[in-house]
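Contents: one structure, followed by commentary.
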Amino acid sequence: MRRRFLKSRLFRIVAAVILLPYALTIIYTVVPPVSTFMLADVATLTWPKRDWVSLEGISPNLQRAVLVAEDSAFCDHFGFDWKQIERNLDKAMDGKRFGGASTITQQTAKNLFLWNGRSWLRKFLEAPITLWMELMMSKGRIMEIYLNTA
């Protein structure tokens with residue numbers, strides 16, 4: 001009986017942790033989000049100082065520069081740059097080095113809910129969050145969050 005109770009409790013905790021980004025994304029459509037990096041600062045009792053800037057308050061030149069540098073297809077895709085992913089797969093198959101294919105939405109999902117570093121686990125968790133963010137937020141809101149948290 002006790003083992004069953006512990007399994008049930010563990011299942012609820014894991015489910016809550018997995019579902020938390022989806023609930024927070026809905027809240028973050030209107031509220032300035034807190035990134036995992038900011039939460040790490042709080043955990044070490046170093047309170048993050050930030051001034052949230054609306055997208056309208058951010059230079060259009062900076063926005064364009066970020067688009068060109070990070071994700072030139074941002075306005076044309078739904079969270080994933082399949083052309084860049086395909087190019088990277090081709091390079092990998094040929095034994096060549098390849099660069100990243102993360103979009104601004106993927107990077108925002110990582111910054112808000114996940115951790116730095118490269119791992120298939122993080123990419124696996126990042127993919128559905130990315131899709132959810134694309135469904136729930138406008139491209140402008142995603143860009144605004146990215147520029148305020150990156």
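Because the structure is a prediction, the values reported are computed rather than measured. In this chain, numbering begins with 1 at the start of the sequence shown.
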**Request:** Check whether F11 and L6 end up in the same hydrophobic cluster, where Ile, Leu, Val, Met, Phe, Trp and Tyr are linked by side-chain heavy atoms less than 4.5 Å apart.
**Result:** no
**Verify same cluster id: V14, L20 (apolar side-chain graph, 4.5 Å)** = no
**Complete:** CD1 of I145 to CE of M137, rounded to nearest 0.5 Å, is 3.5 Å
**Fill in**
Here the gap from S35 atom OG to N148 atom CG, rounded to the nearest 0.5 Å, amounts to 10.5 Å
**Prompt:** Which pair of non-hydrogen atoms, one from K123 and one from S102, has the smallest distance, and what is that distance?
**Reply:** NZ-OG, 2.6 Å
**Message:** Nearest 0.5 Å, please: how far is OH in Y28 from OG1 in T25?
**Reply:** 8.0 Å
**Request:** Please report the shortest heavy-atom distance between Q63 and I58, naming the atom on each side.
**Result:** NE2-O, 2.9 Å
**Request:** Side-chain contact test, heavy atoms from C-beta onward, threshold under 4.5 Å: evaluate it for D81 versus F74 and give yes or no.
**Result:** no
**Asked** Taking side chain as C-beta onward, heavy atoms only, is V31 less than 4.5 Å from W52?
**Response** no
**Request:** Please list all pairs passing the salt bridge (Lys or Arg N to Asp or Glu O under 4.0 Å) test where one or both residues lie in residues 61-74, with sequence neighbours left out.
**Result:** none
**Prompt:** Taking only residues two or more places apart in sequence, or in another chain, which ones meet R122 in a salt bridge (Lys or Arg N to Asp or Glu O under 4.0 Å)?
**Reply:** E126
**Request:** Report whether I13 and L121 are members of the same hydrophobic cluster (ILVMFWY, side-chain heavy atoms less than 4.5 Å apart, transitive linking).
**Result:** no
**Asked** Do the non-hydrogen side-chain atoms of I104 and I142 ever get within less than 4.5 Å of each other?
**Response** yes
**Asked** Are side-chain heavy atoms of M136 and Y22 found at a separation under 4.5 Å?
**Response** no
**Asked** S8 side chain to R4 main-chain N or O, any donor-acceptor pair under 3.5 Å?
**Response** no
**Gap separating the CG atom of L125 from the CD1 atom of I18, nearest 0.5 angstrom** = 7.5 Å
**Prompt:** How many angstroms lie between CD in E144 and OG1 in T108, if you round to the nearest 0.5 Å?
**Reply:** 11.0 Å
**Message:** Hydrophobic cluster membership, with links at side-chain heavy-atom distances under 4.5 Å among I/L/V/M/F/W/Y: are I85 and F124 in one?
**Reply:** yes
**Request:** Quick one: closest heavy-atom pair of R141 and V30, and the distance?
**Result:** NH2-C, 3.9 Å
**Asked** For T103, what residues pass the side-chain hydrogen bond (donor to acceptor under 3.5 Å, both in side chains) criterion, not counting sequence neighbours?
**Response** Q106
Distance-only criterion, 3.5 Å: show the donor-acceptor pairs between side-chain atoms of residues 109-118 and protein atoms not counting sequence neighbours.
residue : atom : partner : partner atom : Å
K110    : NZ   : N116    : OD1          : 3.2
N111    : ND2  : Q107    : O            : 3.3

**Asked** Looking at residues at least two apart in the chain, or sitting in another chain, which of them share a ring pair (Phe, Tyr, Trp, His ring centres under 6.0 Å) with F80?
**Response** W82
**Asked** Could K83 and E86 be called an ion pair, given the rule that one side-chain N must be under 4.0 Å from one carboxylate O?
**Response** no
**Rounded distance [0.5 Å steps], CZ in F78 versus OG1 in T105** = 9.0 Å
**Request:** Could you list the residues that satisfy side-chain hydrogen bond (donor to acceptor under 3.5 Å, both in side chains) with N88, not counting sequence neighbours?
**Result:** Q84
**Item:** Sub-4.5 Å side-chain heavy-atom contact between P21 and M133
**Value:** no
